[in-house]
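Structure first, then comments.
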Amino acid sequence: MENIVALAKRRGFIFQSSEIYGGLNGFFDYGPLGSELKKNIRDCWWNDMVRRRDDIVGLESSIIMHPKVWEASGHVAGFTDPMVDCRESKQRYRADQLFFSPVFYKPAQKFLGYVAILEADEKTMMKDWFKRSEKLRHISGFLASGDEIGEALSFTEIKEEQLSQVLGPNATVPGTLTMPRGFNLMFQTNVGAMSDASSVAYLRPETAQGMFVDFKNVVDTGRVKLPFGIAQIGKSFRNEITPRNFIFRSREFEQMEMEYFIHEDADWSKCHQEWIEWCRQWLLSIGLPESHLSLYAHPKEKLAFYSKGTVDIMFAYPFGVQELWGIAARGNYDLGQHAQASGKPQEIFDEATKKKFVPHVIEPAVGVDRILLAVLCAGYAEEDVKDEKGNVEKRTVLRLSPRIAPVKVAVLPLLKNKDALVGRAKDLHKKLQRRYAVFYDDGGNIGKRYRRQDEIGTPWCVTIDFDTIEKPGDTFTLRERDSMTQKRITEADLFALLDEKVY
Ligand code: ATP
């Protein structure tokens, strides 16, 4: 993970927001390559989800909506995470991510107290956890060598009176953690000149409500017929208690959501399954390996009362298997809520039965930033390769799918002081630029130039060499990133290759 974060910074994919002022936790900027990569992910999704389907239309709703939207949706009352404060370290934790490990003085099996640890450490980074316990031994005197750590309990299993025996993750003495309290994740602002309760508004915590609130507008203007979907890509904001794991959980992020409306009598379960599979296939189509994907069905007892079922597509990130894409069957809860709160019916007329009804919905919701992190993690590799002289050297390569790679082709004249080579290279570069993101590089030896492109995930390099200008056929050397093989190719074949792979 550290190497990926370092590469992201070094090559201009992702920067900390406001870095010159020390950064702002949970906010990030996408640099020249990152913004291209992100745009490509968005474009692929939009093309596949909206343009290449007849049953889905697009929407771009505003980020700040009427505050009543969030009352009706349940976000004002219930979009909270349980939060625990540490009075000593002033750190804040999400209660559901905190676990407690009982500590025993081993020789006498005497119970000493609890060490609080974070979920990621517990589930996926046992080694780190033990390292940290070692560190805690020194700072707290709470643990002594020879003490043993027992099986962890979750926050719900611990009683208030036991908190005095708990050592917080960044505390030096036990008893500094508070009981959890609800913390609303919505960012508040004020609309207009008055800054009082009447002007309170929220930055949207999801894009989905835009689709529900505009449902009638789309139905009345869009010539859509059930089943149909409304899709949107846009920024969402959540004041996450513990933003972490780089861009995985941030406070400003981008979502790609689609609400698929179906008849109230339709087989929702079948439709749900079809969307789960569609999303899985789409992730494969942008190059995520099948081995890193898994499904997690939320247990019935943990679902919201209106929800019929939620399945998450999980991705094996370096810091653990985590939610990438949630596919929820939400019944007709959202439209029903807005109908009730606004007094405007959100119904559709069924020609067959001559009855009106509120459609049900299946919602695939995914974060662009989480996909971007997944493709960086899955694509990153360091390998030993041989240079032209047969010496072994390290290469860092990002195996990004041509569909999303920020640069599709690098055009490289073999030498920069040969007019004929440079002229042909510039001509090819111009032609390619009309349709693709391409990069012209004439600096340094050709091996180094290939490596620079490997590191940013460019699938192909074309070198304009002496054979190009001296031999018949006007061919270039095409060098492939993953196999590093080279072959000769004509301009027409190069365009055909790109046309097939970049879609
Ligand atoms: P989590 O349990 O990880 O907080 P969630 O279940 O609250 O996520 P949803 O409300 O279902 O997430 O949001 C849909 C998608 O939006 C998620 O699957 C994820 O890809 C993305 N997402 C949600 N919260 C964040 C965040 N803080 N940072 C980046 N992406 C996010």
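One-based numbering, in listed order, for ligands and for the atoms of each.
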query = Considering only protein heavy atoms, which is closest to atom 15 (C) of ligand 1, and at what distance to one decimal place?
reply = Ala365 O, 3.6 Å
Side-chain donor or acceptor of Ser342 paired with backbone N/O of His338 under 3.5 Å = yes
task = Check whether the side chains of Tyr93 and Asp85 place a donor and an acceptor atom closer than 3.5 Å, and report yes or no.
result = no
key: Note, Tyr503 side chain near Pro402 side chain (heavy atom, < 4.5 Å)   = no
query = Of all the heavy atoms in Arg238, does at least one lie under 4.0 Å from an atom in ligand 1?
reply = yes
inquiry  = Side chain or backbone, does Gly367 bring an N or O within less than 3.5 Å of an N or O on ligand 1?
reply    = yes
task = Please check if the distance between the ring centroids of Phe248 and Tyr317 is under 6.0 Å.
result = yes
note = When distances are taken from atom 28 (N) of ligand 1, the protein heavy atom at minimum range is Ser250 N, 3.1 Å
message = Tell me whether ligand 1 is touched by Leu324 - counting only heavy atoms on the residue side and a distance under 4.0 Å.
response = yes
ask   = Among protein heavy atoms, which sits nearest to atom 29 (C) of ligand 1, and what does the distance come to when rounded to 0.1 Å?
value = Phe248 O, 3.1 Å
inquiry  = Could you work out, for atom 27 (N) of ligand 1, the closest of Glu240, Arg94, Arg370 by heavy-atom distance?
reply    = Glu240
ask   = Can you find an N/O atom of Val366 closer than 3.5 Å to an N/O atom of ligand 1?
value = no
ask   = How far is atom 22 (N) of ligand 1 from its nearest protein heavy atom, and which residue and atom name does that atom have?
value = Phe253 CE1, 3.6 Å
request  = Would you please say whether a donor-acceptor pair under 3.5 Å links the side chains of Ser89 and Asn170?
outcome  = no
key: Heavy-atom nearest option to atom 13 (O) of ligand 1, drawn from Arg249, Gln255, Glu206, Glu363   = Gln255
ask   = Taking the side chain from Glu264 and the backbone from Pro359, do they hold a donor-acceptor pair closer than 3.5 Å?
value = no
inquiry  = Could you identify the single nearest non-hydrogen protein atom to atom 18 (O) of ligand 1 and state the distance to 0.1 Å?
reply    = Glu323 OE2, 2.7 Å
message = Strictly below 4.0 Å, N to O, side chains only: are Arg249 and Glu240 in salt-bridge contact?
response = yes
task = Considering only NZ, NE, NH1 and NH2 on the basic side and carboxylate oxygens on the acidic side, decide whether Glu290 and Arg280 come within less than 4.0 Å.
result = yes
